Visitor: 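Have a look at this one.
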Amino acid sequence: MLRNKLPGIGTTIFTVMSKMAQDHGAINLSQGFPDFDGPQALRDRVVYHLEHGHNQYAPLAGVPELREQIAAKILDLYGCAIDPDNQVAVTPGATEAIFCAITAVVHPGDEVIVFDPAYDTYEPSVTLNGGVTHHIPLLYPDFHIDWQQVHDAISDRTRLIILNTPHNPTGTVWSEQDIQSLRKVIADRDILLLSDEVYEHICFDGKEHLSLLRYPDLAEKTFAVSSFGKTYHATGWRVGYCVAPRPLMADFLRIHQFINFSTNTPLQHAFADFMRDCPQFHRELSDFYQNKRDLFCELMGSSHFSLRPSGGTYFQLADYSAISNEPDTDFASRLTREHKVAAIPISVFYKHPPDQQIVRFCFAKQDDTLREAAGRLVKVRGQG
Ligand SMILES: Cc1ncc(COP(=O)(O)O)c(C=O)c1O
């Protein structure tokens, strides 16, 4: 008899909706990936390294040149000096980094706090390690954290809090007030932090990304995770990284070595070259995506969806309560079948989905794709 280790968990919504989009010939604004390539200069460096003998196992923690570039960027942006030899691990995507960090520190019976709607890898990674997730809903309509609830949820069993700013799917970006509140709730407690910062370079309206690496007292308890896929329009390359204090990184690497051992070698060399030669790329990414957010929101202005402009990430939530009161999974499915635009229903990111009519659109798309999609979405009207 097979005993399922993740009962109740099926195929991820991203795979489900992308397949539905394909089956129905819909524009895919569901799964989060660009419909354009990353910079030519970066792709050229991949070819260069493929042709120049960088085709065998990389070191366990990643190629030194890339770890040095990551450390240099973190010093430049967040004023945090990390040791590239002992505090960085390059991983096959942020997904693996999240799994390794959780596996490194969560023991059976440990409690982990997550905020709903939560990215869908957190809970299964905790469950597989025998941990228990404690879900705290972000508060509608701006999806902020209720820190009193966090305070009340913390117990002696709380081992880890998983944070995500800028936040997928809501686009919420942390404020200094959140940092102060976090500091307060974990004061004098043996609680670690997993800071999912994969959208660190996509923050809008002049807001700065508040990486936990900016705050030495928090950084010393933090696994900070990022993704080259998000930053360089290359989600399919599967390269991300984790930064942590030495003892946490040592535990992290003990896990990582038995999951993937190391990460794609030529890609790591290419990223190292590109980060060294084109540091402006990540600095300009917020403006690049803010233009797309603005275009999408403007195009949707005459629709019956209601949009609060996203504060960061490449996602935009849309409230469709003026169109229908269908559950969001039904609505997203109908939108794909009948109107040929695929979106993500956000209820799937909740333990206890609230009664709300909201779907998520990905605007990491060429402007023409956004125009075509919005042209279809403005025609979606209520039945009544
Ligand atoms: C919040 C969040 N964390 C982690 C990931 C995973 O990143 P990667 O594709 O590098 O594994 C994603 C990807 O969509 C994400 O949105």
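A quick note: this is a predicted structure, and the numbers were derived from the prediction, not measured. One-based numbering along the sequence shown. Numbering of ligands and ligand atoms starts at 1, following listing order.
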Visitor: Among Trp237, Tyr119, Phe14, whose heavy atom sits nearest atom 15 (C) of ligand 1?
Guide: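 It is Tyr119 that holds the nearest heavy atom.
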
Visitor: What residue and atom, counting heavy atoms only, is the protein's closest point to atom 11 (O) of ligand 1, and at what distance?
Guide: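 Answer, as residue, atom name and distance: Thr95 OG1, 2.6 Å.
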
Visitor: Looking at Arg371 and Asp368, is any side-chain nitrogen of the basic one under 4.0 Å from a carboxylate oxygen of the acidic one?
Guide: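 Salt bridge: yes.
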
Visitor: Can you name the atoms of ligand 1, numbered from 1 with element, that are less than 4.0 Å from a heavy atom of Gly93?
Guide: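 Counting atoms of ligand 1 from 1, those under 4.0 Å from Gly93 are 10 (O), 11 (O).
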
Visitor: What atoms of ligand 1 come within less than 4.0 Å of a heavy atom belonging to Ser227?
Guide: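 Within the 4.0 Å cut-off of Ser227, ligand 1 contributes 8 (P), 10 (O).
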
Visitor: For the pair Phe361 and Leu377, evaluate side chain to side chain contact (heavy atoms under 4.5 Å, CB included) and give the outcome as yes or no after the intermediate values.
Guide: CA-CA 11 Å; Phe361 293 111; Leu377 292 169; 3.7 Å; yes

Visitor: Relative to the ring of His233, is the ring of Phe36 parallel (under 30°), tilted (30 to 60°) or perpendicular (over 60°)?
Guide: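 It falls in the perpendicular class, over 60°.
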
Visitor: For Ala21, does its backbone N or O pair with a side-chain atom of Thr336 as donor and acceptor, under 3.5 Å?
Guide: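 No.
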
Visitor: I'd like to check which ligand 1 atoms, numbered from 1 as shown, lie under 4.0 Å from a non-hydrogen atom of Tyr199.
Guide: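 Answer for ligand 1: 1 (C), 13 (C), 14 (O), 15 (C), 16 (O).
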
Visitor: Any N/O of Ala94 closer than 3.5 Å to an N/O of ligand 1?
Guide: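 Ala94 vs ligand 1: N/O contact under 3.5 Å present.
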
Visitor: Arg360 side chain to Gln316 main-chain N or O, any donor-acceptor pair under 3.5 Å?
Guide: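 Here the side-chain-to-backbone pair does not exist.
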
Visitor: Would Asn164 count as a contact of ligand 1 if the rule is a heavy atom under 4.0 Å away?
Guide: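 Yes.
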
Visitor: For the residue pair Lys365 and Phe33, would you count it as a cation-pi contact if the rule is NZ or CZ under 6.0 angstrom from the ring centre and within 45 degrees of the ring axis?
Guide: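 Pair Lys365/Phe33 counts as cation-pi.
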
Visitor: Spell out, as yes or no, whether a donor-acceptor pair under 3.5 Å connects the side chain of Arg308 to the backbone of Asp319.
Guide: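 No; zero donor-acceptor contacts below 3.5 Å.
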
Visitor: Of all the non-hydrogen atoms in the protein, which one sits nearest to atom 9 (O) of ligand 1, and at what distance?
Guide: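 Going atom by atom, the protein heavy atom closest to atom 9 (O) of ligand 1 ends up being Arg238 NH1, 2.8 Å.
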
Visitor: In terms of atom number and element, which parts of ligand 1 are under 4.0 angstrom from non-hydrogen atoms of Asn168?
Guide: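 Result: 1 (C), 15 (C), 16 (O).
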
Visitor: Would you say Thr235 has any N or O atom under 3.5 Å from an N or O of ligand 1, going by distance alone?
Guide: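 In fact, backbone or side chain, Thr235 has no N or O that close.
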
Visitor: Answer yes or no for Arg293 and Phe296: cation-pi contact, defined as NZ/CZ to six-membered ring centre under 6.0 Å and angle to ring axis within 45°.
Guide: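 Not flagged: Arg293 not positioned over aromatic ring of Phe296.
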
Visitor: Which residue and non-hydrogen atom of the protein lie closest to atom 3 (N) of ligand 1, and at what distance in Å?
Guide: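 Of every protein heavy atom, Asp196 OD2, 2.5 Å lies nearest to atom 3 (N) of ligand 1.
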
Visitor: Nearest protein heavy atom to atom 13 (C) of ligand 1, by residue and atom, and its distance?
Guide: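 For atom 13 (C) of ligand 1, the nearest protein heavy atom is Lys230 NZ, 2.7 Å.
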
